[in-house]
Amino acid sequence: MELFLIWGLAGGTLRGLVGYAKHRVSYKDVKFNWGYFLSTVGISGIAGAAAAFSLQQVGVTAIELSALTPALMLIVGYAGGDVLENLAKIILKKPRWE
């Protein structure tokens, strides 16, 4: 079970790194902020591990797969970080009717 958590954490961390790199490329004159970088990568990693853990608890018969591989857990971890990022965008978005 620990292996699934590690691969889920790796997938979420990868998502955090991609998100941070995308932010740096999208906006000009962005200063490197260690706090922002570590929190983004850390939270995405935790979300990825949680997503991998959830899928492992559901079991392979519920999703009709023959096995849960480390590669699948990496993808699940990446997707878990992506879901968290999109939820944050929805929650933190200001209403248009101000």
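By convention here, the first residue in the shown sequence is residue 1.
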Item to check | Test log, rule side chain to side chain contact (heavy atoms under 4.5 Å, CB included), inputs Val76 and Trp7 | outcome: CA-CA 9 Å; Val76 167; Trp7 281 104; over 6 Å; no
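- In the hydrophobic clustering of ILVMFWY residues, with side-chain heavy atoms under 4.5 Å counting as a link, Leu17 and Val25 come out apart.
- Of the inter-residue distances, the one linking Leu74 atom CG with Thr13 atom OG1 reads 10.0 Å to the nearest 0.5 angstrom.
- Between atom CG of residue Leu9 and atom CG of residue Leu14 there is a gap of 11.0 Å, rounded to the nearest 0.5 Å.
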